[in-house]
Every structure is written in structure tokens, then in C-alpha cells.
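Report on the structure given below.
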Amino acid sequence: MAYDYDDQNIFAKILRGEIPNSTVAETDHSLAFNDIAPQAPIHVLVIPKGAYVNFDHFAAEASDAEIVDFSRLVSKITQDLGLAPEGNGEGYRLIANSGLNGHQEVPHYHIHILAGRPLGPMLVK
Ligand code: 5GP
């Protein structure tokens, strides 16, 4: 599979420091920051620093170290924000949009962490 990464996408510009962001956490391979248009009281985006278009690209071509770093950072954030059910948190939702039907707007792989209110059914019909 060939993946076509557009290095002018907004998250690439954030990673290059060309536009500001509200950083939540940063690791060697990943960055987490607040969504500019939050859909819930907590709306954090987690992105790999590498140039991956979407989940499939990341799963296929990221190194094991990048994948572990990314997954652990998502989990660290849910725990640090007190969201994880195992820490008596009220829970959260992870979303990774991809492609047309997924309504992915920014073509740099990211996970949305949404929380802070009941999030309703998984999808609006
Ligand atoms: P997608 O639809 O691609 O899954 O979600 C893209 C997300 O990026 C949206 O929730 C949108 O609000 C967010 N976003 C778009 N531009 C910016 C920006 O410049 N800064 C931040 N922090 N978030 C952005």
C-alpha cells in the first residue's frame, strides 16, 4: 500500500512549531494537545511525530517503539486526567477517523480523547 502524506497539513505545521498548540503531553515519538474546537469538556488529540496519514499507515509502517509510545501516551493521559474507569474515572471515548466515510479532516494520524460528560450513543444515525 502506498500512502501519500501531505506535509502541509495543520498537524505537520504544529509539529514543526509553525503554529502554536496547547500541549498536554509530549514523548519522544508522540504529541498530545487540546483540540481547537472541543466537542466535549475534555477533547485531546494525540498524534505520532512521524509522518503517517491514518491508522492503517501507522499500523503498517511505524516502528514498534512508535506504536508502543503512542498507545502508552494515550493511556497515560486518560489516567493523568482521572478518566480511566480502573482509577474510578467516569470514562472516555477514543475516536480515530479515516477517509471519506470517517470524515477525517486532517490527514495526519490522530486519536481523539473525548470525556467530561456523557457522550451519548456511539454514532448519530
Ligand atoms: P478529524 O476530523 O481529522 O478526525 O479531526 C481533526 C480535528 O482537528 C478536529 O477536531 C479539529 O477541531 C482539530 N483541529 C483542526 N485544526 C486545528 C488546529 O489548528 N489546532 C488544533 N489544536 N486542533 C485543530
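Indexing begins at 1, ligand by ligand and atom by atom, following the structure's order.
Atom 22 (N) of ligand 1 has as its closest protein heavy atom Asn34 O, 2.9 Å. For atom 13 (C) of ligand 1, the closest heavy atom belonging to the protein is Asp35 OD2, 3.4 Å. Shortest contact from atom 16 (N) of ligand 1 to any protein heavy atom: Ile10 CG2, 3.9 Å. Nearest non-hydrogen protein atom to atom 14 (N) of ligand 1 is Ile36 CG2, 3.8 Å. Taking atom 8 (O) of ligand 1 as the reference point, the nearest protein heavy-atom neighbour is Phe11 CZ, 3.4 Å.
Assignment of Leu45 to the shell around ligand 1 is supported, since a heavy atom sits closer than 4.0 Å.
Compare His110, Lys13, Glu105, Gln104 by their heavy atoms: the one nearest to atom 4 (O) of ligand 1 is in His110.
Residue-level proximity to ligand 1 for His103 is carried by the backbone, the only part with a heavy atom below 4.0 angstrom.
Contact atoms of ligand 1 toward Ala37: 12 (O) (distance under 4.0 Å to a heavy atom of the residue). Close approach of ligand 1 to His112 is summarised as follows: ligand atoms under 4.0 Å from at least one heavy atom of the residue are 1 (P), 4 (O), 5 (O), 7 (C), 10 (O). Here is the list of ligand 1 atoms found below 4.0 Å of a heavy atom in Asn97: 1 (P), 2 (O), 4 (O).
For ligand 1, the polar-atom distance check finds an N/O of Val106 within less than 3.5 Å of one of the ligand's N/O atoms.
More than 12 heavy-atom neighbours from other residues, nucleotides or ligands sit within 6.0 angstrom of OH on Tyr5. Under a cut-off of 6.0 angstrom, the local environment of NZ in Lys76 is sparse, with at most 12 non-hydrogen atoms contributed by other residues, nucleotides or ligands.
Residues passing the side chain to side chain contact (heavy atoms under 4.5 Å, CB included) test with Gln8, sequence neighbours excluded: Asp6, Lys13, Arg16.
Annotation: Phe11 is not in aromatic contact with Tyr109 [ring centroid separation under 6.0 Å not met].
The ring-ring contact (aromatic ring centres under 6.0 Å, His included) test with Tyr52 is passed by exactly one of His29, His57, His110: His57.
No side-chain N or O of Glu26 forms a donor-acceptor pair with one of Thr23 less than 3.5 Å apart.
Looking at every heavy atom in both residues, Pro20 comes nearest to Ile14 through O-CG1, 4.2 Å.
Residue pairs satisfying the side-chain hydrogen bond (donor to acceptor under 3.5 Å, both in side chains) criterion with at least one member in residues 113-124, sequence neighbours excluded, are absent.
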